[in-house]
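Scroll down for the structure; my scribbles are underneath it.
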Amino acid sequence: MGIVRRSSTHLLIGLIVLLRGIIFFVENVFGIEIWMDILPFWPIAFILWSVIEIFQKKSIFFGLILLVIGITFLLSNFKMIFLPNSIWKYWPISIIAIGLDQLISRYEPYYDSKHRPEKREKKHITYDDEII
């Protein structure tokens with residue numbers, strides 16, 4: 001049985017969920033208020049995700065959209081730009097887009113035996129520069 005390697009996106013999402021759970025646990029058990037101090041930085045998750053998307057060349061366009069969303073909300077949280085209140089009506093569209101991206105990126109075309117792309121033989125070069 002082979003080992004399945006997970007993508008960096010799954011790793012990032014897993015780390016975010018894990019950290020959020022740890023923060024909530026610490027707040028509940030020890031009564032320390034952490035979440036309100038960290039809350040303004042939530043758009044950094046979008047920025048990190050965009051960097052992964054762009055540098056792994058999974059989806060450069062989607063990575064740029066994530067980058068713009070992350071920077072926009074981060075600047076808004078620190079009162080450097082103003083976003084109208086009506087934008088909060090439409091924020092679930094970003095969740096829909098993320099879900100669609102995840103579904104589409106997992107799609108692998110099915111090829112039947114008649115239309116399967118041909119595989120080319122790999123040529124191995126030996127030390128004597130002979131092609132085998």
Side-chain angles (χ1 to χ4, degrees):
M1 181 181 292
I3 297 174
V4 177
R5 186 173 175 214
R6 294 188 174 240
S7 70
S8 298
T9 305
H10 288 103
L11 179 65
L12 178 65
I13 292 171
L15 284 173
I16 289 170
V17 171
L18 177 68
L19 288 174
R20 189 169 181 181
I22 290 171
I23 289 168
F24 285 148
F25 179 74
V26 169
E27 284 185 344
N28 288 342
V29 172
F30 299 108
I32 301 170
E33 189 67 36
I34 300 172
W35 187 246
M36 294 311 289
D37 294 333
I38 295 175
L39 190 59
F41 296 100
W42 70 266
I44 291 176
F46 280 103
I47 295 170
L48 291 174
W49 190 0
S50 72
V51 169
I52 290 170
E53 290 284 328
I54 292 170
F55 284 115
Q56 289 185 349
K57 296 181 182 169
K58 289 182 179 179
S59 176
I60 294 174
F61 180 72
F62 184 68
L64 290 175
I65 290 173
L66 287 173
L67 185 64
V68 168
I69 290 171
I71 290 172
T72 301
F73 281 113
L74 190 62
L75 292 175
S76 174
N77 287 348
F78 290 105
K79 310 289 188 238
M80 299 175 110
I81 62 172
F82 174 73
L83 294 177
N85 288 337
S86 63
I87 198 165
W88 298 111
K89 287 183 188 178
Y90 303 104
W91 75 266
I93 293 173
S94 63
I95 295 175
I96 294 168
I98 292 167
L100 287 173
D101 179 65
Q102 292 298 309
L103 289 174
I104 292 170
S105 67
R106 300 291 170 243
Y107 173 75
E108 294 181 16
Y110 171 76
Y111 296 105
D112 59 2
S113 59
K114 295 178 186 175
H115 298 96
R116 182 170 298 204
E118 295 181 21
K119 292 184 179 180
R120 296 183 181 170
E121 285 187 30
K122 294 181 180 179
K123 296 183 180 181
H124 300 284
I125 299 176
T126 63
Y127 289 107
D128 298 327
D129 293 327
E130 295 179 55
I131 299 177
I132 299 176

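Along the sequence shown, residues carry numbers from 1.
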Tell me the closest heavy-atom pair linking [X] and [Y], and the distance in Å.
| X | Y | answer |
| --- | --- | --- |
| G63 | S50 | O-CB, 2.9 Å |
| V68 | T72 | O-OG1, 2.6 Å |
| M36 | E27 | N-OE2, 4.4 Å |
| W42 | N77 | NE1-ND2, 3.4 Å |
| G70 | P43 | O-CB, 3.2 Å |

Are any of the side-chain heavy atoms of I47 and L66 separated by less than 4.5 Å? no
Transitive ILVMFWY cluster of V51, excluding itself - 4.5 Å side-chain cut-off: F55
Linking Ile, Leu, Val, Met, Phe, Trp and Tyr by side-chain heavy atoms under 4.5 Å, what else ends up with L19?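 Joined to L19, directly or through intermediates: none.
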Spacing of [X] atom [atom1] and [Y] atom [atom2] [to the nearest 0.5 Å]:
| X | Y | atom1 | atom2 | result |
| --- | --- | --- | --- | --- |
| L64 | I69 | CG | CD1 | 11.0 Å |
| L75 | L83 | CG | CG | 9.0 Å |
| N28 | I23 | CG | CD1 | 12.0 Å |

If you group Ile, Leu, Val, Met, Phe, Trp and Tyr by side-chain heavy-atom gaps below 4.5 Å, do [X] and [Y] land in one group?
| X | Y | value |
| --- | --- | --- |
| I44 | M80 | yes |
| F24 | F30 | yes |
| Y90 | F73 | no |
| V26 | L39 | yes |

Is the W49 ring parallel, tilted or perpendicular to the F46 ring (thresholds 30°, 60°)?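 Parallel, since the angle between the ring planes stays under 30°.
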Flag yes if more than 12 heavy atoms outside F78 fall under 6.0 Å of its CZ atom; otherwise flag no. yes
